[in-house]
Amino acid sequence: MKTSKKQKALKILTILKELYPDATCSLTYDSPVQLLVATILSAQCTDERVNKVTPELFARFPDAIALANADRETLETLIRSTGFYRNKAKNIQGACQKIVKDFNGKVPQTMEELLLLSGVARKTANVVLAHAFGINAGVTVDTHVKRLSQRLGLTKATDPVKIEKDLMPLLPQKDWENFSIRIIYHGRQICKARKPNCQDCQLAFLCPSSL
DNA sequence: ATCCCGAGGG
DNA sequence: CCCTCTGGAT
C-alpha cells in the first residue's frame, strides 16, 4: 500500500516546519490595508522588490483614505518598479475606495467581501485573511505553491483555484497557511523554478520529480 | 488565451 | 536573448 497523498502532505508539512520554524509573511506592513496593498503589488514580482517601494508609499499614503484619494500618477511612479504598475495602481486605488465607501474604511474579514475588491482574487484574499486576521480560509496558491505542489505530486491541476481545492483536504485547516508560507520559502531557496537544487532538498526522498 | 510590465539572473 | 517573480481581469 503506497503512502496516501494525505500522509505525504503531512510528512511534507512536518519536514518544512522543522526546516523553516520561523517562516512568516515576508512582506513588510503595519496594518491590514498595508498588507492588502503589498500583496496586490506582489503579483509577478519578488517580495524583496515590493518591500523596496512600500516604505515610501506608506509614508505618503498610510491608510485606505489616503490611498483612495491619492493622485494616480504619483501612485504609479511610486510602485513602478514592481511591474504592471498601471493595473496595480488602479486596483489599489479602486480597492481602497471601496473599503472607504462600503466597509467603513476597514479591510473586510471574509473571503466573499475581499473578492469584491478590485485586483483581489483568492490568492491575495488568503494572504490577507491569514496574516492580518489569523483566519485560515484557504490555501494560498501562488507561483511557488503551484510549482512545488505539482512537482511533489500533490496535484496535477494547473488552475490555481483547482490546486487549492486539491490541497485543502490534504492538510489540517489550522496549517493551511503554515503549509503555503513554508512551501514558498522552500521554492525560493531550494526548489527553484529554473534550476531546482534536488541535491540539497530535504523532500527529495518523497518527490517524484527529484533529479 | 491574452494582456499587463519592470527588474534581475543565467 | 529567455525565464522568473507570493496574479488578476478581460
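Chain A is the first sequence line, chain B the second, and so forth, proteins listed ahead of strands; every chain is numbered from 1.
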Query raised in the report: For the pair made of NZ in Lys88(A) and P in dA9(C), what is the distance, rounded to whole Å?
Result: 13 Å
Requested in this report: Measure the distance from CE on Met111(A) to P on dG8(C) and round it to the nearest whole Å.
Outcome: 10 Å
Query raised in the report: Which residues within residues 132-144 of chain A lie with some heavy atom under 4.0 Å of an atom in DNA chain C?
Result: Thr140(A), Asp142(A), Thr143(A), His144(A)
Report task. Calculate the interatomic distance between Glu164(A) atom CD and dT6(C) atom C1'; express it in whole Å. Result -> 14 Å
Report summary line: Whole-Å distance, Tyr29(A) OH to dT6(C) P, equals 16 Å
**Report entry** Residues in contact with DNA chain C, drawn from residues 51-80 of chain A - heavy-atom cutoff 4.0 Å
**Finding:** none
Requested in this report: Using a heavy-atom cut-off of under 4.0 Å over every strand shown, decide if Ser26(A) touches base, sugar-phosphate, or nothing.
Outcome: base
Query raised in the report: Reckon Leu27(A) touches a base, only the sugar-phosphate, or nothing at all at heavy-atom distances under 4.0 Å?
Result: nothing
Requested in this report: Using the P atom as the reference point in each nucleotide, state the distance between dT6(C) and dG9(B) in Å, no decimals.
Outcome: 13 Å
Query raised in the report: So do the side chains of Ile163(A) and Leu154(A) get within less than 4.5 Å of each other, counting heavy atoms only?
Result: no
Query raised in the report: Do other residues, nucleotides or ligands put more than 12 heavy atoms under 6.0 Å from the NZ atom of Lys90(A)?
Result: no
Query raised in the report: Between which nucleotides of DNA chain B, read 5' to 3', does contact with chain A run, using atoms under 4.0 Å from its heavy atoms?
Result: dC4(B) to dG10(B)
Query raised in the report: Base, sugar-phosphate alone, or nothing: which one does Arg194(A) contact when heavy atoms must sit under 4.0 Å apart?
Result: base
**Report entry** Leu115(A) vs Cys25(A), nearer the 5' end of DNA chain C by closest nucleotide
**Finding:** Cys25(A)
Report summary line: Value for CD (Gln173(A)) from CD1 (Ile135(A)), rounded to nearest 0.5 Å, stands at 10.5 Å
Requested in this report: Please step through salt bridge (charged side-chain N to carboxylate O under 4.0 Å, His left out) for the pair Asp175(A) and Lys17(A), ending with a clear verdict.
Outcome: CA-CA 10 Å; Asp175(A) 284 314; Lys17(A) 277 184 173 175; 3.0 Å; yes
Requested in this report: Please round to the nearest 0.5 Å and tell me the distance separating atom CD of Glu113(A) and atom CG of Asp102(A).
Outcome: 9.5 Å
Query raised in the report: Which part of the nucleic acid, if any, lies within reach of Phe84(A) when heavy atoms closer than 4.0 Å are counted: base, sugar-phosphate only, or nothing?
Result: base
Query - Nearest-angstrom distance from the residue atom CD1 of Ile40(A) to P of dC5(C) - result: 20 Å
Query raised in the report: Out of dC5(C), dT6(C), dG8(C), which has the shortest distance to the side chain of Ala193(A)?
Result: dC5(C)
Query raised in the report: What interatomic distance, in whole Å, is found between P of dA7(B) and the corresponding atom of dG8(C)?
Result: 22 Å
Query raised in the report: Arg188(A) near the nucleic acid: base, sugar-phosphate alone, or nothing, with a heavy-atom cut-off under 4.0 Å?
Result: base
Query - For atom CG of Leu148(A) and atom C1' of dC5(C), their distance in whole Å - result: 14 Å
Query raised in the report: Do Val120(A) and Val145(A) share a hydrophobic cluster, counting only Ile, Leu, Val, Met, Phe, Trp and Tyr and linking them when any side-chain heavy atoms are less than 4.5 Å apart?
Result: no
Query raised in the report: Rounded to the nearest Å, what distance is computed from the CD atom of residue Glu48(A) to the P atom of nucleotide dT6(C)?
Result: 9 Å
Requested in this report: Rounded to the nearest 0.5 Å, what's the gap from CH2 on Trp176(A) to CG on Leu170(A)? Could you check?
Outcome: 10.5 Å
Query raised in the report: Distance check: side-chain N/O of Arg147(A) vs OP1/OP2 of dC5(C), anything under 4.0 Å?
Result: yes
Query raised in the report: To the nearest angstrom, how far is Asp159(A) atom CG from dA9(C) atom P?
Result: 14 Å
Requested in this report: With sequence neighbours excluded, tell me which residues meet salt bridge (Lys or Arg N to Asp or Glu O under 4.0 Å) with Arg60(A).
Outcome: Glu56(A)
Report task. Find the distance between CZ (Arg182(A)) and CD (Glu177(A)) and round it off to the nearest 0.5 Å. Result -> 10.0 Å
May I have the list of side-chain donor-acceptor pairs in residues 31-40 of chain A shorter than 3.5 Å, sequence neighbours left out?
| residue | atom | partner | partner atom | Å |
| --- | --- | --- | --- | --- |
| Ser31(A) | OG | Gln34(A) | N | 3.2 |
| Gln34(A) | OE1 | Asp30(A) | N | 2.8 |
| Gln34(A) | NE2 | Pro62(A) | O | 3.2 |
| Thr39(A) | OG1 | Leu35(A) | O | 2.7 |

Query - Stepwise side-chain contact (heavy atoms from CB on, under 4.5 Å) test for Gln7(A) and Lys11(A) - result: CA-CA 6 Å; Gln7(A) 288 174 314; Lys11(A) 187 95 181 164; over 6 Å; no
**Report entry** Set of ring-ring contact (aromatic ring centres under 6.0 Å, His included) partners for Tyr185(A), sequence neighbours left out
**Finding:** Tyr20(A)
Report task. Check whether Phe84(A) and Leu57(A) end up in the same hydrophobic cluster, where Ile, Leu, Val, Met, Phe, Trp and Tyr are linked by side-chain heavy atoms less than 4.5 Å apart. Result -> no
